[in-house]
Number of protein chains: 2
Amino acid sequence: MVTKETVRDPADADVTRADSLAREIFAGVANKWTLLVINVLEQRTLRFTELRTEVDGISHKMLTQTLRHLERDGLVDRTVYAVVPPRVEYQLTEAGQALRSTVNRMCAWTRTYLDHIEAARLRFDSMS
Amino acid sequence: MVTKETVRDPADADVTRADSLAREIFAGVANKWTLLVINVLEQRTLRFTELRTEVDGISHKMLTQTLRHLERDGLVDRTVYAVVPPRVEYQLTEAGQALRSTVNRMCAWTRTYLDHIEAARLRFDSMS
DNA sequence: CTGCATCCCGCATGATACTG
DNA sequence: CAGTATCATGCGGGATGCAG
């Protein structure tokens, strides 16, 4: 009673929707600053300025932008204290922690293959 | 002669060098196209055009660029067959495979938290 | 301290065309 | 089919200033 010929499962629409959304999320998360911010925010709670100094080369603007993005996606919690001067703290949510664990593996990979990659580059560059 | 004064452990130089190199490699790899290419190149061997169609939105130029980068770092092997028309095949090296497994986890993460993130966005956007 | 808006530059990216 | 070169440009991202 279900199928007939080339009729497509109604769920197909959802599949493609989910796919494109997944791609979008993946692309949004797969960038230098986002991953670096997530990485320094391991189980700690940090303030804006602390993040600014820990993430190394990040600019004021990009940090704000990245944090807004992460907050919107529910990967970090933003806590504002009504004091003066303002105090705002950021910490990873459960989803953020989950992502961080994958980022950690990527960092580990980098460390593991450091020499390997360096050697490959020398080899490659010595050609031409 | 060698200067004294702020004498630092000789190993320190290597540590910071390795650190900056690691950051550079991480940053180089942490971008949309690179991760997507690595992802579609799971244990398969693909030709240029096949990659072009599978990676979805990637342009001819960016694919070439990304592949050269990956090849230089020793993450993909490039095999050229001296035939006409030319046939060039790409496949992940062991290092590439290792990286791919981390990318896979990231993809899995995306799928797992899809709904979570979508909901967070709706919540966030409904504010203002 | 944190956040937002504005201006501006340069690079990354895309489009196109040409070789082997 | 695969790769390179050239040109145009849009957007990322830095600097600065102002507000709360």
Side-chain angles (χ1 to χ4, degrees), chain A residues 23-38 40-41 44-73 75-92 124-125 127-128, chain B residues 23-38 40-41 44-73 75-92 124-125 127-128:
Chain A
R23 258 193 294 272
E24 192 261 317
I25 290 175
F26 183 87
V29 150
N31 75 73
K32 191 175 144 190
W33 293 137
T34 301
L35 295 183
L36 286 176
V37 166
I38 286 177
V40 303
L41 264 186
R44 298 181 292 173
T45 295
L46 293 179
R47 303 182 55 176
F48 186 86
T49 312
E50 292 168 341
L51 279 168
R52 181 103 163 69
T53 55
E54 294 229 18
V55 175
D56 190 46
I58 196 168
S59 70
H60 184 114
K61 181 183 178 179
M62 287 317 294
L63 180 54
T64 309
Q65 207 170 103
T66 304
L67 286 172
R68 280 305 94 77
H69 194 76
L70 289 172
E71 185 192 357
R72 187 172 108 96
D73 284 359
L75 304 187
V76 302
D77 274 334
R78 180 167 173 271
T79 313
V80 184
Y81 295 90
V83 296
V84 40
R87 175 186 192 86
V88 183
E89 293 183 342
Y90 296 91
Q91 65 180 326
L92 293 177
F124 185 92
D125 293 341
M127 312 257 198
S128 66
Chain B
R23 256 194 295 273
E24 192 261 318
I25 290 174
F26 182 87
V29 150
N31 74 73
K32 192 176 143 189
W33 293 136
T34 302
L35 295 184
L36 287 176
V37 167
I38 287 177
V40 302
L41 265 185
R44 299 181 291 172
T45 294
L46 294 178
R47 304 182 53 174
F48 185 86
T49 311
E50 291 168 342
L51 278 168
R52 180 104 162 69
T53 54
E54 294 230 17
V55 173
D56 189 48
I58 197 168
S59 69
H60 186 116
K61 182 180 179 180
M62 287 316 296
L63 180 54
T64 309
Q65 207 169 102
T66 304
L67 286 172
R68 281 302 98 73
H69 193 76
L70 288 172
E71 186 191 358
R72 187 172 108 96
D73 284 359
L75 304 187
V76 303
D77 275 334
R78 179 166 174 273
T79 312
V80 183
Y81 296 90
V83 297
V84 40
R87 176 184 193 86
V88 183
E89 293 182 341
Y90 296 92
Q91 65 182 326
L92 292 177
F124 185 91
D125 293 341
M127 311 257 198
S128 64

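Computed from heavy atoms alone, side chains included, the values below leave out hydrogens, waters and symmetry copies. All of these numbers come straight from a predicted model, not from anything done at the bench.
- For A/T45, the side chain to side chain donor-acceptor pair (under 3.5 Å) partners two or more places apart in sequence, or in a different chain, are A/Q91.
- At the heavy-atom level, A/R47 lies under 4.0 Å from the strands shown only through sugar-phosphate atoms.
- Ranking D/dA2, D/dG20, D/dT4 by closeness to the A/P86 side chain, first place goes to D/dG20.
- If you measure from atom CG of A/L63 to atom C1' of D/dG14, you get 14 Å, rounded to the nearest angstrom.
- Taking side-chain N and O atoms only, B/Y90 has no distance below 4.0 Å to OP1 or OP2 of D/dC1.
- Contacts of A/R52 with the nucleic acid, taken as non-hydrogen atoms under 4.0 Å apart, are absent.
- In terms of heavy atoms, A/L36 sits closest to A/V55 at CB-CG1, 4.2 Å.
- Between A/F48 and A/L67, the closest heavy-atom pair is CD1-CD1, 3.9 Å.
- For B/R87, the side chain to side chain contact (heavy atoms under 4.5 Å, CB included) partners two or more places apart in sequence, or in a different chain, are B/R47, B/Y81, B/V83, B/E89.
- Applying the side chain to side chain contact (heavy atoms under 4.5 Å, CB included) criterion to A/R68, with sequence neighbours excluded, gives A/T64, A/E71, A/R78, A/Y90.
- Rounded to an integer number of Å, the gap from CG of B/L51 to C1' of D/dG3 is 14 Å.
- Protein atom CZ of B/F48 is 7 Å distant from nucleotide atom C1' of D/dG3, rounded to whole Å.
- Under the side chain to side chain donor-acceptor pair (under 3.5 Å) criterion, A/D77 pairs with no residue at all, not counting sequence neighbours.
- Within residues 75-84 of chain B, no residue approaches DNA chain C, by heavy-atom distance under 4.0 Å.
- The side chain to side chain donor-acceptor pair (under 3.5 Å) search around B/D125 returns A/R72, not counting sequence neighbours.
- In this structure, B/R87 places its CZ atom 13 Å from P of D/dG3, rounding to the nearest Å.
- Residues passing the ring pair (Phe, Tyr, Trp, His ring centres under 6.0 Å) test with B/F26: none are found, sequence neighbours excluded.
- Regarding A/E89, its CD atom lies at a distance of 12 Å from the P atom of C/dG3, rounded to whole Å.
- The separation between B/E71 atom CD and D/dG3 atom P is 9 Å, rounded to whole Å.
- For A/E24, the side chain to side chain donor-acceptor pair (under 3.5 Å) criterion is met by B/R121, not counting sequence neighbours.
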| remark: Going 5' to 3' through nucleotides 10-17 of chain C and flagging B where a protein heavy-atom sits under 4.0 Å of the base, S where only the sugar-phosphate is that close, and - otherwise, we get ---BBB--

